[in-house]
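Heads up: the structure comes next, in C-alpha cells.
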Amino acid sequence: AGPPVWHKNYPVAQGNRQSPIDIIPHQTSHDPGLGPITLNYDQCTSINITNNGHSVVVEFEDPDDRSVILGGPLDNPYRLKQFHFHWGGKGCHGSEHTVSGNSYASELHLVHWNAVKYKTFGEAATAPDGLAVLGIFLELLFPLQGSVTDFKAFNPKCLLPSSLHYWTYLGSLTTPPLHESVIWIVLKEPIIVSEKQLGKFRMLLFTGEEEDERIRMENNFRPPQPLKGRKVRSSN
Ligand SMILES: NS(=O)(=O)/N=C1/NCCO1
Ligand SMILES: [Zn+2]
C-alpha cells in the first residue's frame, strides 16, 4: 500500500532526512559558495524504458563517466543511472517536491550515483553521499490550439529548462526503501508540457497484463515530509 504505511516495513520513513519536502523560497539560504551544476549528458546511452509498476523508467549504461552531473553541492562526479517521473491523476497535482505549498503536474527525477566512492549503485544507494537526484518540475500548459509537438524519445538534455538555478538539501529516496542517501538538487524553473504529453503517462497501467482489474497508474507521488531542522540552500 501507499506512503502512510511504508514506515511499517521501512522505519526510516520517519527519519530525519526524508524526501520530498515543501520548499519555501524565502526561507532557503543563498550560499554564494554553491557553484553551478554541469550536466554532461551528450554521450549518454539509454538501455530501455520500462513500466516498473509504479513509474515509467528509462535506464542508462553506467560503465564509466560518460554521462555525469558535476559541481553545485557535489564533491565528486555522479553517474546517470536512470530517470523516471511522478505524476498525478489530473490537473496540477503530481510533483513530489512542492514550492510554498504549490505542486506541479509532474516531476522528473534524474538519478545519479557516486562511482568515485562506491563500487555499485546498490552500495551507493545506502550511503549518505551515495546518490544525487536532479528534480525538474513539469508544468502543464493548456494549449489554446490543439496543436502541440509530440515528444518521441527522452534525451535528458532536451528536457532541461533554460536556467539551471537550483535548491539543494540532504534527503532520501521518495520510494521504498527510502534510503537517506540522496543529495537533492531541484531546479527552480519548470519545463512546460502539454496535457497530451502528460496524458501518455496516465495511460500507463499500474497492473500487469495478467491482472483483470486495470488500475490506472496515477498519483505515484509521496507527499512532503518534515524538514526536521534541515537547511535548504539556494544557488544564485
Ligand atoms: N523517487 S526517487 O527518490 O528518485 N527514488 C528512486 N528509487 C530508485 C532510484 O530513485
Ligand atoms: Zn522519483
Side-chain angles (χ1 to χ4, degrees), residues 2-3 6-7 9-10 12-23 37 39 44 46-62 67-69 73-74 78-88 93-99 103-115 118 120-138 154 156 159 166-187 190-191 193 198 201-202 204 206 217-227 230 232:
W6 284 347
H7 68 94
N9 289 332
Y10 306 95
V12 75
Q14 295 171 336
N16 294 323
R17 58 172 280 190
Q18 288 291 294
S19 293
I21 58 169
D22 179 41
I23 298 168
I37 56 169
L39 302 170
C44 68
S46 62
I47 302 170
N48 56 27
I49 181 166
T50 48
N51 163 349
N52 66 7
H54 44 261
S55 182
V56 56
V57 186
V58 175
E59 291 184 298
F60 290 83
E61 283 180 6
D62 56 354
S67 38
V68 293
I69 181 173
L74 307 174
Y78 284 61
R79 282 184 195 170
L80 177 63
K81 173 77 181 161
Q82 54 107 309
F83 68 74
H84 62 270
F85 297 84
H86 300 265
W87 64 89
H93 287 275
S95 65
E96 298 213 294
H97 291 90
T98 54
V99 181
S103 58
Y104 287 89
S106 174
E107 187 170 331
L108 162 62
H109 287 162
L110 291 132
V111 181
H112 312 73
W113 62 286
N114 186 338
Y118 307 104
T120 63
F121 174 85
E123 185 192 345
T126 61
D129 60 349
L131 303 182
V133 182
L134 181 65
I136 303 177
F137 294 120
L138 275 64
F154 275 111
L159 267 174
Y166 59 88
W167 294 294
T168 183
Y169 75 98
L170 298 182
S172 74
L173 296 179
T174 66
T175 52
L178 302 167
H179 291 313
E180 297 191 327
S181 60
V182 181
I183 298 170
W184 277 95
I185 299 169
V186 180
L187 296 187
I191 57 172
V193 293
L198 206 54
F201 297 142
R202 295 187 185 131
L204 290 161
F206 269 122
M217 185 191 295
E218 53 194 29
N219 298 320
N220 59 349
F221 58 93
R222 188 189 193 191
Q225 301 303 308
L227 198 51
R230 286 174 283 177
V232 179

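All values below come from the heavy atoms of this structure, side chains included, with hydrogens, waters and symmetry mates left out. In listed order, ligands and their atoms are each counted from 1.
- Pairs passing the salt bridge (charged side-chain N to carboxylate O under 4.0 Å, His left out) check and including a residue from residues 127-136, sequence neighbours excluded, read Lys117-Asp129.
- Around the Zn ion (ligand 2), protein N, O or S atoms at less than 2.8 Å comprise His84 NE2, His86 NE2, His109 ND1.
- Shortest non-hydrogen contact noted between His86 and Ser106 is O-OG, 2.7 Å.
- Leu187 pairs by the side-chain contact (heavy atoms from CB on, under 4.5 Å) definition with Ile37, Leu134, Ile136, Pro161, Leu164, Tyr166, not counting sequence neighbours.
- For ligand 1, residues of the protein lying within 4.0 angstrom by heavy-atom distance are Gln82, His84, His86, Glu96, His109, Val111, Leu173, Thr174, Thr175, Trp184.
- Ring geometry for Phe137 against Tyr104 counts as parallel: the plane angle stays under 30°, on a 0 to 90° scale with 60° as the upper cut.
- For His93 and Ser103, the side-chain atoms include at least one donor-acceptor pair closer than 3.5 Å.
- In summary, the side chains of Tyr118 and Thr126 do not present any donor paired with an acceptor at a separation below 3.5 Å, with no hydrogens or angles considered.
- Using bins of under 30°, 30° to 60° and over 60° for the plane-to-plane angle, the ring pair Phe60/Phe83 lands in the tilted bin.
- Of all heavy-atom pairs spanning Val232 and Trp167, the tightest one is CG1-CB, 3.9 Å.
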Worked verdict on Val56 versus Trp87 for side chain to side chain contact (heavy atoms under 4.5 Å, CB included): CA-CA 10 Å; Val56 56; Trp87 64 89; 4.1 Å; yes
